Amino acid sequence: MQDKYYKINISKEWLMANGFKYSKSLSDEKTHVYTYRFPVFKYERMTVLECELNISLEDGEVKLNVYDYGTNDKFAAFYYCEYGNYDKMLQIIWNKIEYMLGKLQIERR
């Protein structure tokens with residue numbers, strides 16, 4: 001089971017001040033979702049993977065995904081790594097995600 005993440009005392013002003021952007025595609029008339037992307041893995045100084053945080057303004061729930069840079073193609077090894085040796089790479093990715101979650105004061109529950 002994947003951990004859940006939350007931002008306490010969330011507001012539209014806080015989201016905008018911290019670089020989040022409103023997502024029309026993830027929002028509807030009841031739920032307003034804001035997204036923020038940041039690099040989590042580089043190869044030869046070029047970003048190849050990035051994490052996207054999706055925060056619901058209504059309840060502060062945060063969902064995270066890792067994508068190939070500049071796309072909506074999920075990085076499969078982040079979700080399912082039974083085959084292959086991705087431990088070192090995943091540790092680098094998780095270190096960057098945890099750093100950003102701490103910086104934004106997003107809590108794990």
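This is a predicted model, so every value here is computed, not measured. Positions are given from 1, in the same order as the sequence printed here.
- Taking every heavy atom of both residues into account, Lys96 and Pro39 meet most closely at CD-O, 4.1 Å.
- For the pair Lys7/Leu104, no side-chain contact is recorded, criterion being any heavy-atom separation below 4.5 Å from C-beta on.
- By the 6.0 Å contact criterion, CD on Gln105 is open, its count of non-hydrogen atoms from other residues, nucleotides or ligands being 12 or less.
- Shortest non-hydrogen contact noted between Ser56 and Thr31 is OG-CG2, 3.7 Å.
- Following chains of ILVMFWY side-chain contacts shorter than 4.5 Å, one cannot reach Val33 starting from Phe20, and the two form parts of different hydrophobic clusters.
- To the nearest 0.5 Å, atoms CD1 (Ile55) and CD (Glu58) are separated by 12.0 Å.
- Note on Tyr99: it does not cluster hydrophobically with Phe41, by side-chain heavy-atom contacts below 4.5 Å among ILVMFWY residues.
- Of the inter-residue distances, the one linking Leu57 atom CG with Trp14 atom CH2 reads 11.0 Å to the nearest 0.5 angstrom.
- At a threshold of 4.5 Å between non-hydrogen side-chain atoms, the residues Asn65 and Asn72 do not count as touching.
- Under the 4.5 Å side-chain contact rule for hydrophobic residues, Tyr43 and Leu49 share a cluster.
- Tyr69 and Tyr67 fall into different hydrophobic clusters, where Ile, Leu, Val, Met, Phe, Trp and Tyr are joined by side-chain heavy atoms under 4.5 Å apart, directly or via other members.
- Atom SG of Cys51 is separated from atom CH2 of Trp94 by 7.5 Å, given to the nearest 0.5 angstrom.
- In this structure, Tyr22 and Tyr34 have perpendicular ring planes: the angle between them is above 60°, well past the 30° mark.
- In plain terms, the two heavy atoms of Gly70 and Glu50 that are nearest each other are N-OE2, 2.8 Å.
- Remark: side-chain polar atoms of Thr35 are not paired, donor with acceptor, to backbone N or O of Asn54 under 3.5 angstrom.
- The line from CG of Leu53 to OH of Tyr5 is 10.0 Å long, rounded to the nearest 0.5 Å.
- Connection of Leu26 to Ile106 is not established within any shared hydrophobic cluster, with ILVMFWY side chains joined at heavy-atom distances below 4.5 Å, either directly or through further cluster members.
- Closest non-hydrogen pair, Gly19 versus Tyr36, comes out as O-CD1, 3.4 Å.
- In this structure, Asp28 places its CG atom where more than 12 heavy-atom neighbours from other residues, nucleotides or ligands lie under 6.0 Å away.
- Annotation: Tyr6, atom OH; neighbour count of heavy atoms from other residues, nucleotides and ligands within 6.0 Å is above 12.
- For the pair Lys4 and Glu61, the minimum side-chain heavy-atom distance is below 4.5 Å.
- There is a side-chain donor-acceptor pair under 3.5 Å between Asn95 and Gln91.
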Verdict with supporting geometry, Met89 and Phe75, side-chain contact (heavy atoms from CB on, under 4.5 Å): CA-CA 12 Å; Met89 181 183 222; Phe75 178 58; 3.6 Å; yes

